[in-house]
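This report concerns only the one structure given below.
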Amino acid sequence: MWLKILKNLISRKEAIRFYKSKTQTLKTLTDENPGSQIDVERSADQAPSHEEQNTLFSGKEKMNRVFGKSLKIRQVDSGSCNACEWECTALTNPIYDIQRFGIDFVASPRHADVLLVTGPVSRQMELALKKTHLAMPRPKIVIACGDCAIDGGIFRGSYAVKDGVSNAIPVNFQIPGCPPSPTVITEKLLKLMERI
Amino acid sequence: MPENEEYKEVGKSEFRSYCIALCLSKKAVLRLMFATDERETDNCFKIYAVFSEQGTDIFHIPFFKLREDDLTFRSITDGIPAAHWYEREIMDMFGLVPKYHPDPRRLVFHDSFPADSHPLRKDWEISEKDLKEWGEGMVRKVPYDFLEVEGEGVYEIPVGPVHAGIIEPGHFRISAVGETILYLETRMFYTHKGIEKHFEGMSFHEGVKLAERVSGTSTFSHSTAYCMAVERMAGITITEKAKAIRTFLLELERLYNHIGDIGFLCAGTGLTVGNATGSKIKERLLRLNDRLTKSRFLRGINTIGGVTKDIFLHADDISLTIDTVAKEYKGLMKLLLGSVSHIERLENAGILSKNRALKLGVTGIAAKASGIDDDIRSSHPHLIYNKIFEPATFTRQEGDVFARMMARAEETKCSMHMIKTIIEGQHEGDLQVKADDIPPNSHALGYTETPRGSVFYWVKSDGEGRPLRVKLRSPSFCNWPSVPFAIQGNIVPDLPLCNKSFNLSYSGCNM
Ligand code: SF4
């Protein structure tokens, strides 16, 4: 019995050590380029150079080490018109079948690698969005999906919206479009995972 | 002013009895109620109520004036329960207080919005500090009391605003005993984006884009109703061809929504194959949309004075796709109606009685499933509906989830039929007519049937022909209050199913 407890203790210690090393990598991952906004759609001269992207996620290995070749997404509607949501839903239909790339939508922010936010962030949703962001594990990658989420889109300037996700939480990636089609979203997510 | 709108000014004290008399004597239904701030021209606020009379194409629009010395009025909710949310909305947005309202809590704004701030007033201002605090949501300026159910064994399940799936945000409090739901309280307006105020800062022509983005899956219906309102106000008659294209796209929108919704119901009962098939057909239609209009949600087509693209150039593509869809859809329905486990879950779940639906002014699919023949395409014919729409009997009496599914199925068939008819017909005329001049100080209604029910826009221009007020009412706004009634007495696991069967838009409702 004592032996068992001892073993347990050791494994717990190991677990803590492992956890620490892992959070360290995750920390470097986000801290190397904090809050940088990378728009993969922009033309070559505007686009951040490849090195820049690589400092954020230095290639496939790092991505794979952290996320184990998969990407779990928690989608949050922060006041969108609902078209962006339907395009996200369409990703899981048999035609796009995004699960085959290891990408999936999860129910809880605690299970999520990525927060995919749609909508311009209405002020009445701001708190809920921040709480969701708080609840997710590091490195807390945030994708702003849709023109609204990027800069408020058509709703920009209204008293009830924050004009984009980056005014509420730090954003790492953007997917432009109103709404971005499932093909575009898939492409951008795969680019994020450095698969193509 | 359009012919079928009858405005009548009544005294503030007679308004309530006048409205109730309309409902009783003419069997009129309340479609819309709203306020305007006309202090600059008439030195008063005005409150309008739009009733549509059964059996005729007439809208009765009584209104009264409210002077600034007394900003209260007698609530009509006790006589016409359908006015319930409208009056609370008026209270929030204009600060006009309905006296003796049975539920005088705030509707639109949450706790941290300042108490005496009313955005739709023309002289409204808000400080940066208030805005910041509103977003942070920490200071409870006007606490909102949720109704609590007390008693032995009663417990509360709070859900949302962020839900488990890819859906819009709303907060539900379910009071249950064991599995059975005693009471459901909904808190909406998380996605309030100030759209009505935002319209006022744009020109009427720019507003089309905003109308398209009120509710994503009803894009075309919203923009059609909006354009129709502005065109009626400006006295513009669009060509037969433009009418035909609009009608066609409205039906296409209905088709992809209904088939998608029927499939989506399967997600609530665990029938994965049904869900997959439904979403596959929907995707086929969305791709057709994309080929026709360069937008999967039919954006960028409507404009004031007509449409921008001649989609009849793709007639072959359309008939081919619709034929395929019809075949696949038939297979889907056969699968669903043959799945006992699926149908059993739907039957007797989420019953909304006819009486309640009538009182709450429920519209669209939900009304049809509860035995009310509510379809604005037949009651107020517009576009080319008077030529091609045969008011078939979509109505069912059960009022349960199954009835709502079948009402959708009936409409789907009808939409496919109409699409075919429109494609085969000849439609003459240009795509657009000139629509540069917007007359000052005029107003008009625009309306159409979205996949969820009727949508209304009421627009009014100011002295320079810019928007003074744009009021929009999406079907979800009338139908949300009925959901708690339908859910009462059901078991907790059926809640998502009932909710899906209504398939209401949060964004359209919250504006
Ligand atoms: S980006 Fe466009 S589609 Fe997406 S939520 Fe905003 S308005 Fe809707």
Side-chain angles (χ1 to χ4, degrees), chain A residues 73-97 105-109 116 118-132 135 146-148 152-162 167-168 177-183, chain B residues 108-110 112-113 119 124 126 131-132 134-138 160-169 171 189-195 197-198 201 209-210 212-219 260 264 275-280 282-284 286-287 290 295-297 299 505-508 510-511:
Chain A
I73 301 176
R74 170 68 246 211
Q75 191 272 343
V76 174
D77 171 347
S78 72
S80 95
C81 75
N82 202 18
C84 279
E85 272 76 66
W86 278 113
E87 295 298 46
C88 292
T89 314
L91 289 175
T92 58
N93 76 18
I95 294 167
Y96 297 104
D97 189 18
F105 290 93
V106 291
S108 165
L116 185 111
T118 58
V121 187
S122 65
R123 290 190 192 265
Q124 315 224 73
M125 256 319 270
E126 192 184 336
L127 181 63
L129 175 66
K130 283 183 175 159
K131 280 188 177 171
T132 314
D147 290 351
C148 283
I154 187 95
F155 304 109
R156 192 180 174 80
S158 166
Y159 66 91
V161 305
K162 290 276 286 184
N167 291 330
C178 182
S181 71
T183 328
Chain B
V108 179
F109 297 118
H110 292 180
S112 52
F113 192 75
W124 177 73
I126 189 165
L131 273 184
K132 196 161 162 275
W134 183 22
E136 284 164 355
M138 293 305 176
V162 178
H163 295 276
I166 310 176
I167 50 169
E168 295 179 86
H171 180 62
F189 295 88
Y190 281 91
T191 66
H192 176 69
K193 294 185 281 285
I195 292 181
K197 183 93 180 169
H198 208 45
K209 261 192 160 167
L210 185 56
E212 282 178 339
R213 283 157 182 82
V214 172
S215 170
T217 46
S218 307
T219 291
F264 203 47
N275 188 12
T277 318
S279 54
K280 211 175 83 191
K282 183 176 175 184
E283 181 65 28
R284 198 182 285 288
L286 288 179
R287 287 186 179 185
D290 196 25
S295 156
R296 285 161 59 89
F297 291 89
R299 286 179 176 162
S505 154
Y506 296 66
S507 177
N510 302 353
M511 296 173 293

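Labels below follow one simple rule: chain letters A, B, ... track the order of the sequence lines, proteins then strands, and each chain is numbered from 1.
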Does any backbone or side-chain atom of [X] lie under 4.5 Å from a heavy atom of chain B? Answer side chain, backbone, both or neither.
{"X": "A/Ser80", "result": "backbone"}
{"X": "A/Ser108", "result": "neither"}
{"X": "A/Cys84", "result": "neither"}
{"X": "A/Val106", "result": "backbone"}
{"X": "A/Pro109", "result": "neither"}
{"X": "A/Phe155", "result": "both"}
{"X": "A/Ile95", "result": "side chain"}

Is a side-chain N or O of B/His198 found less than 3.5 angstrom from the main chain of A/Ile154, in a donor-acceptor match?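 Present.
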With a 3.5 Å distance limit and no angle check, can you tell me whether B/Glu283 reaches the backbone of A/Tyr96 through a side-chain donor-acceptor pair?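 No.
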For chain B, which candidate among A/Gly153, A/Pro182, A/Ala168, A/Cys88 shows the most heavy-atom pairs at distances under 4.5 Å?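 Heavy-atom pair counts peak at A/Pro182.
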Largest heavy-atom contact set with chain B, pairs under 4.5 Å, which of A/Lys162, A/Glu85, A/Met125, A/Gln75: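 Option with the top pair count is A/Met125.
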Name the region of [X], side chain, backbone, both or neither, that has any atom closer than 4.5 Å to a heavy atom of chain A.
{"X": "B/Arg287", "value": "side chain"}
{"X": "B/Arg296", "value": "side chain"}
{"X": "B/Tyr190", "value": "both"}
{"X": "B/Phe189", "value": "both"}
{"X": "B/Ile126", "value": "neither"}

Mind checking side-chain hydrogen bond (donor to acceptor under 3.5 Å, both in side chains) for A/Asn82 and listing every partner two or more places apart, or none if nothing turns up?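 A/Asn82 satisfies side-chain hydrogen bond (donor to acceptor under 3.5 Å, both in side chains) with B/Glu168 once adjacent residues are dropped.
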Would you check if B/Ile166 and A/Trp86 make a side-chain contact, meaning some heavy-atom pair closer than 4.5 Å?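 SC-SC contact between B/Ile166 and A/Trp86 ruled out.
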Do B/Arg213 and A/Cys148 come close enough that some side-chain heavy atom pair is under 4.5 Å?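 Not touching, per the 4.5 Å side-chain cut-off.
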For A/Lys131, check salt bridge (charged side-chain N to carboxylate O under 4.0 Å, His left out) against everything at least two apart and list the hits.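 Salt bridge (charged side-chain N to carboxylate O under 4.0 Å, His left out) check on A/Lys131 returns nothing, list empty.
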With a sphere of 6.0 Å drawn around NZ of B/Lys209, does it hold more than 12 non-hydrogen atoms of other residues, nucleotides or ligands?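 Count not over threshold, so no.
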Can you say whether the rings of B/Trp134 and A/Tyr159 are parallel (under 30°), tilted (30 to 60°) or perpendicular (over 60°)?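 Ring orientation, 0 to 90° scale: parallel.
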Would you compute the distance between atom [atom1] of [X] and atom [atom2] of [Y] and round it to the nearest 0.5 angstrom?
{"X": "A/Cys81", "Y": "B/Lys193", "atom1": "SG", "atom2": "NZ", "answer": "7.0 Å"}
{"X": "B/His110", "Y": "A/Leu127", "atom1": "NE2", "atom2": "CG", "answer": "11.0 Å"}
{"X": "B/Tyr506", "Y": "A/Asp77", "atom1": "OH", "atom2": "CG", "answer": "10.0 Å"}
{"X": "B/Asp290", "Y": "A/Ser181", "atom1": "CG", "atom2": "OG", "answer": "7.5 Å"}

Who wins among [options] for the most heavy-atom pairs under 4.5 Å with chain A?
{"options": "B/Gly135, B/Gly194, B/Gly216, B/Ala276", "value": "B/Gly135"}
{"options": "B/Ser112, B/Ser507, B/Ala164", "value": "B/Ala164"}
{"options": "B/Val162, B/Leu131, B/Asn275", "value": "B/Leu131"}

Of the non-hydrogen atoms in A/Ala83 and B/Phe297, which two are nearest, and what is the gap between them?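 Residues A/Ala83 and B/Phe297, closest heavy atoms: O-CZ, 3.9 Å.
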Going through the checks in order, is the side chain to side chain contact (heavy atoms under 4.5 Å, CB included) test met by B/Phe113 and A/Arg123? CA-CA 10 Å; B/Phe113 192 75; A/Arg123 290 190 192 265; over 6 Å; no
